[in-house]
2 protein chains.
Amino acid sequence: MSDLNVDFLENKLREAGLRPTRQRLALAHLLFSGDDRHVTAEQLHFEVSELGEHVSLATVYNTLHQFRNAGLLRELAIESSKTYFDTNTSNHNHYFLEADGKLWDIPSDSIAIEGLPQPPEGMRIAHVDVMVRLVKDDKSGQSD
Amino acid sequence: MSDLNVDFLENKLREAGLRPTRQRLALAHLLFSGDDRHVTAEQLHFEVSELGEHVSLATVYNTLHQFRNAGLLRELAIESSKTYFDTNTSNHNHYFLEADGKLWDIPSDSIAIEGLPQPPEGMRIAHVDVMVRLVKDDKSGQSD
DNA sequence: ATTTGTGCAAATCGTTTGCATCTGA
DNA sequence: TCAGATGCAAACGATTTGCACAAAT
């Protein structure tokens, strides 16, 4: 991780109102240095260990939520009992392949939603999620 | 629960390849006798107890999964660590109000999705979920 | 009689929390 | 200095599982 990258990440955290601690920098590095990505807490905890940095799992959870609250991540609930965090916080769309637990963006933002009704009184739309659930061609898509 | 209704539910279960047991009939009664609805296992367990029927929580979970596998229910993952089951199994759309954990159908099927790309090689689209996340007008929608 | 379903309690797994200790500004 | 952050282990809550017993065909 170059000094330039550290500076970039430090700024990013400071702008979000978060102190640039060793742990947050390590996690931010994994999340924000390359292309957009989708991670779970468990995955990220594994990756940060691989880098030789020690960050406790509880801190990974805390940090993911702090990043989400700061608008740096979007939280996605796709399967019960596993949360994904998406580094792309804009309104975009996803493919999900249940069999493999794999999640990825739908390439190109060709999707448009027509005829979205007025939200109920006193509420506004925070986000529209379009999730396209895929199955492998030869299967029914049902399982226990 | 009238005899007619019992017959209807018994047939429904038999057609799904499930033996019409006391527990399944009680749960099916709650799920399929009125309008379409969204329930969690916990909710349904509470409701069935209120009717004076004893069905263990594990059986509620088992039964919900059996119903889902039989195509009688659709499973929806909306928030991490709470699964909703929808008695309407057709491709339709939902509002979700996170603050209250409330879920409901978007009235009228006015929504159309334009420009859905070809799914990746070897896969087909099983289902498209559109989830419109609402927040109360005076809030940011972010919380810990 | 044989297969299938159910109840119970214990186990699992992701996630959160309480609290003592440490760190960044 | 001292508010804020972290680590650890224990707590939690939803869900699943193993197995003995009961019910359906």
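Given the structure is predicted, the values throughout are model-derived calculations rather than measurements. Here is the naming used below: chain letters follow the sequence lines, and residue numbers restart at 1 for every chain. The figures here come from the full heavy-atom set of this structure, side chains too, leaving out hydrogens, waters and symmetry mates.
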| Taking NZ, NE, NH1 and NH2 as the nitrogens, is one of them in B/Arg37 or B/Glu47 under 4.0 Å from a carboxylate oxygen of the other? | yes
| task | Test the A/Lys102-A/Phe96 pair against the cation-pi criterion, namely NZ or CZ under 6.0 angstrom from the six-membered ring centroid and within 45° of the ring axis. | result | no
| field | Interatomic distance, A/Glu53 CD vs D/dT6 C1' [rounded to whole Å] | value | 14 Å
| Roughly how bent is the helix from C/dA1-D/dT25 to C/dA25-D/dT1 end to end, in steps of 10 degrees, with each end axis from five pairs? | 30°
| message | Of the options C/dT15, D/dT15, C/dT6, whose atoms approach the side-chain atoms of B/Ala41 most closely? | response | D/dT15
| request: Find the distance A/Gln23:CD to D/dG7:C1' and express it as a whole number of Å. | output: 9 Å
Can you pull every protein N or O that's under 3.5 Å from an N or O on nucleotides 8-12 of chain C?
| from | atom 1 | to | atom 2 | distance (Å) |
| --- | --- | --- | --- | --- |
| C/dC8 | OP2 | B/His54 | NE2 | 3.1 |

| query | A/Leu25 has an atom CG; how far is it from atom C1' of D/dA5, in whole Å? | reply | 13 Å
| Separation of A/Leu57 atom CG from C/dT16 atom C1', in whole Å? | 10 Å
| query | So, is A/Tyr61 near the phosphate of C/dT15, with a side-chain N or O under 4.0 Å from OP1 or OP2? | reply | yes
| What residues, two or more places apart in sequence or in another chain, satisfy side chain to side chain contact (heavy atoms under 4.5 Å, CB included) together with B/Gln118? | none
| task | Give a yes or no on whether a salt bridge exists between B/Arg14 and B/Asp7, defined as a side-chain N under 4.0 angstrom from a carboxylate O. | result | no
| task | Find the distance A/Glu75:CD to C/dG14:C1' and express it as a whole number of Å. | result | 13 Å
Give every donor-acceptor pair under 3.5 Å between a side-chain atom in residues 17-25 of chain A and any protein atom, sequence neighbours left out.
| from | atom 1 | to | atom 2 | distance (Å) |
| --- | --- | --- | --- | --- |
| A/Thr21 | OG1 | A/Arg24 | N | 3.2 |
| A/Arg22 | NH1 | A/Glu53 | OE1 | 3.1 |
| A/Arg22 | NH1 | A/His54 | O | 3.1 |
| A/Arg22 | NH2 | A/His54 | O | 3.2 |
| A/Arg24 | NE | A/Gln66 | OE1 | 3.3 |
| A/Arg24 | NH1 | A/Arg19 | O | 3.1 |
| A/Arg24 | NH2 | A/Gln66 | OE1 | 3.3 |

| CG of B/Leu64 versus C1' of C/dT6: gap in Å, rounded? | 15 Å
| message | My understanding is that only residues two or more places apart in sequence, or in another chain, count here; which of them pass ring-ring contact (aromatic ring centres under 6.0 Å, His included) with A/Tyr61? | response | none
Output one line per pair: protein atom, nucleotide atom from nucleotides 19-25 of chain D, and distance, for all N/O pairs under 3.5 Å.
| from | atom 1 | to | atom 2 | distance (Å) |
| --- | --- | --- | --- | --- |
| D/dA24 | N3 | B/Arg19 | NH1 | 3.4 |
| D/dT25 | OP1 | B/Arg14 | NH1 | 2.8 |

| task | Report yes if at least one side-chain N or O of A/Gln66 is closer than 4.0 Å to OP1 or OP2 of D/dA5; otherwise report no. | result | no
| Any salt bridge between A/Asp129 and A/Arg74, counting N to O under 4.0 Å? | yes
